[in-house]
Amino acid sequence: MPNLLEAKKRTQIKPKTINYELEEKYKTLGKNKTYFIKTYGCQMNEHDTENIKAILEQMSFKETDIMENADLILLNTCAIRENAHNKVFGMIGRIKHLKESKPNIIVGVCGCMVQEEIIADEIKNKYKWLDIVFGTHNINELPKILANNLTNNKLELEVYSIEGDIIENMPVKRDSKYKAWVNIMYGCDKFCTYCIVPYTRGKQRSRTKENIIKEVEELKKQGYKEITLLGQNVNAYGKDLEVDYDMSDLLEETAKTGIERVRFVTSHPWDFTDKMIDVIAKYPNIMPYIHLPLQSGSNKILKLMGRRYTKEKYIDLYNKIKEKIPNCSVTTDIIVGFPGETEEDFNDTLDVVNTCKYDSAFTFIFSPREGTPAAKMKDDTPLEIKEQRLYKLNDLINKYAREANEKLKDKIIPVLLENISEKNEEMLMGYTDTMKLVNVKAPKEKLGQIVNVKIKDVKTWSMDGVIEDKS
Ligand code: SAH
Ligand code: SF4
Ligand code: F3S
């Protein structure tokens, strides 16, 4: 069972590296069976799903995208805000009905939500009909957990509140043939006062550069065009290793593999070094796009959040990025309605948005997470006021997002065509180097290529264009 006090601990003990290997006896466990998996969380959660899918397929399960047909249903959950919980519990309710008519299906819940003590308790007490529950630290144990459930026919709940290990050699079934996530670190040690992630994902553990670069080189060989180095706080990469090697070194070495596009998320402003900016500016295959969460523009609130930078420092960093990396797009995350946020504090946030004119942003109303310091802070702002602040902020964000797109009208920009467009089957969709969504009139043969696109039409959250070169 997960335990909040255990989850808070940070010791000096070095994480173990475990090499994943599927035991022979599990290889046919899923024969003639199908699985359905739904993912609720961030990129790390999505990438975990890619690992889970591959493990299940090694066990002979086949994927289905129709939940009602599946023999195994898994929900890979997120705990970041209350509404993430609500969505999952809504879905569990639907699945309960399904299980009543098909009692043999196996239903499982995994991911960050079940790492929370209160949720695990709730599952044990109210959702005993679930079959398997496992956390973020033991995805590698899925075969064993499934086998135990099949043998014992009762709820298998295996969630650990540990600082975590590093699991290498996990198989992966990637969603895309052209772009890939590459974990460079797990967990987070920042403990921003509102955030549940350090509790659900354990302590910061960086993978070795050798394993990371090997994975990137392999992906390049397989024809991947783009990789995204992944972590909750990638700029702190390597700080937990006994080597003199940091994120700027890793970015440089990744760029030198020659893979066409390198991205990275997420960048905490606190650890963003000048050396990193120089490396990003130097290598054309490191994309000019930085997600730089602000959270708040008020120094008082930033302090309460434990973010360890000020509004002024953030703006300095932003200016440096914009000066040194031409046409760099910058996006952000902002929380409104943090405990104690006054109208004046909120105006400070608007002020930073007016200065940084973000290309886009994710905005949220503060959601208290049980066990975090912010959940205990006095919060007397009514929800109605918080909602008004969110709308006001979103209007401003939308205005600048549109303005950023307008600047690209009639320009020619590189786009990696990665899929059929959702809005029109005749079109393909992809992202610019600066991470803007473009729908492109192009034949399907162009999928997987980076093409020059002339932007014809501009909206707030996407653009339309046509291929301009002969590639
Ligand atoms: N590691 C990233 C953030 C990951 S969580 C970083 O530090 O930037 C993604 C976003 O969710 C955060 O940037 C924050 O804006 C938001 N968030 C996290 N906890 C939240 C909470 N309790 N309430 C509302 N939003 C939250
Ligand atoms: Fe959460 Fe802060 Fe860690 Fe990001 S850096 S995951 S916001 S604790
Ligand atoms: Fe959610 Fe866990 Fe990611 S809480 S945002 S899935 S790290």
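We count ligands from 1, going down the list as the structure has it; atoms in each ligand are counted the same way.
We find the CD1-CD1 distance between I335 and I301 to be 10.5 Å, quoted to the nearest 0.5 Å.
A donor-acceptor pair under 3.5 Å is formed between the side chain of K203 and the backbone N or O of T11. Under a 3.5 Å cut-off, the side chain of T200 and the backbone N or O of Q115 do not form any donor-acceptor pair. Side-chain atoms of D71 come within 3.5 Å of backbone atoms of T34 as a donor-acceptor pair (strictly under, hydrogens ignored).
In this structure, Y199 and F191 have perpendicular ring planes: the angle between them is above 60°, well past the 30° mark. The aromatic rings of F362 and F364 sit parallel, their planes meeting at an angle under 30°, below the 60° perpendicular limit.
A donor-acceptor pair shorter than 3.5 Å cannot be found between the side chains of Y26 and Q58. Side-chain contact, E215 with N183: no donor N or O sits under 3.5 Å from an acceptor N or O. N394 and T363 are linked by a side-chain donor-acceptor pair at a separation below 3.5 angstrom, with hydrogens and angles left out of the test. With hydrogens and angles left out, the side-chain atoms of T39 and N45 include no donor and acceptor closer than 3.5 Å. For the residue pair S296 / S298, no side-chain donor-acceptor distance below 3.5 Å is found, with atom types taken as modelled.
Distances between N or O atoms of Y194 and those of ligand 1 include at least one value under 3.5 Å. Ligand 1 has an N or O atom lying under 3.5 Å from an N or O atom of D333, backbone or side chain. Residue-to-ligand polar distances place Q295 within reach of ligand 1: an N/O pair is separated by less than 3.5 Å.
Assignment of I365 to the shell around ligand 1 is supported, since a heavy atom sits closer than 4.0 Å. Ligand 1 lies within reach of I80, whose nearest heavy atom is under 4.0 Å from it. No heavy atom of G111 sits closer than 4.0 Å to any atom of ligand 3. Proximity of M44 to ligand 1 is not established, as no heavy-atom distance is less than 4.0 Å. Judged by the shortest distance from any of its heavy atoms, Q232 lies inside the 4.0 Å radius around the atoms of ligand 3. Using a 4.0 Å cutoff on heavy atoms, M44 does not count as a contact of ligand 3.
With a 4.5 Å cut-off on side-chain heavy atoms, I95 and L75 count as touching.
When non-hydrogen atoms are compared, ligand 2 lies under 4.0 Å from the backbone of F191 (N, CA, C, O) but not from its side chain. Counting heavy atoms closer than 4.0 Å to ligand 2, residue P198 contributes side-chain atoms (C-beta onward) but none from N, CA, C or O. Of the heavy atoms in N233, none comes closer than 4.0 Å to ligand 2. Contact annotation: for C192 versus ligand 2, heavy atoms closer than 4.0 Å belong to both the backbone and the side chain.
Aromatic ring centroids of F366 and F338 lie under 6.0 Å apart.
Against a heavy-atom cut-off of under 4.0 Å, R369 is close to the following atoms of ligand 1: 22 (N). Here is the list of ligand 1 atoms found below 4.0 Å of a heavy atom in P293: 8 (O). Atoms of ligand 1 lying under 4.0 Å from any heavy atom of F366, numbered from 1 in the order shown and given with element: 23 (N), 24 (C). Residue R307 has at least one heavy-atom neighbour below 4.0 Å for each of these atoms of ligand 2: 2 (Fe), 7 (S). Interface atoms of ligand 2 facing K190, defined by a heavy-atom separation under 4.0 Å, are 3 (Fe), 5 (S). Counting the atoms of ligand 2 from 1 in the order shown, those under 4.0 Å from a heavy atom of H268 are 5 (S). Atom numbering of ligand 1 starts at 1 in the shown order; those under 4.0 Å from a heavy atom of S367 are 21 (C), 22 (N), 23 (N), 24 (C). Which parts of ligand 1 touch T266 is read off a 4.0 Å heavy-atom cut-off, strictly below it: atoms 2 (C), 6 (C), 8 (O). Which parts of ligand 2 touch V197 is read off a 4.0 Å heavy-atom cut-off, strictly below it: atoms 6 (S). Each of the atoms 3 (Fe), 5 (S), 6 (S), 8 (S) of ligand 2 lies under 4.0 Å from some heavy atom of C188.
In terms of protein heavy atoms, atom 4 (S) of ligand 3 is closest to A79 N, 3.2 Å. Atom 1 (Fe) of ligand 3 has its closest protein heavy atom at C78 SG, 2.4 Å. Here the protein heavy atom with the shortest distance to atom 3 (Fe) of ligand 3 is C42 SG, 2.3 Å. If you check which protein heavy atom lies closest to atom 26 (C) of ligand 1, you get R81 NH1, 3.5 Å. Distance from atom 3 (C) of ligand 1 to its nearest protein heavy atom, with residue and atom name: Q232 OE1, 3.9 Å. Here the heavy atom of the protein found nearest to atom 7 (O) of ligand 1 is R307 NH1, 3.3 Å.
Metal site remark for atom 3 (Fe) of ligand 3: C112 contributes no N, O or S atom at a distance under 2.8 Å.
For atom 6 (S) of ligand 3, the nearest non-hydrogen atom from the set T39, I196, D48, N45 belongs to N45.
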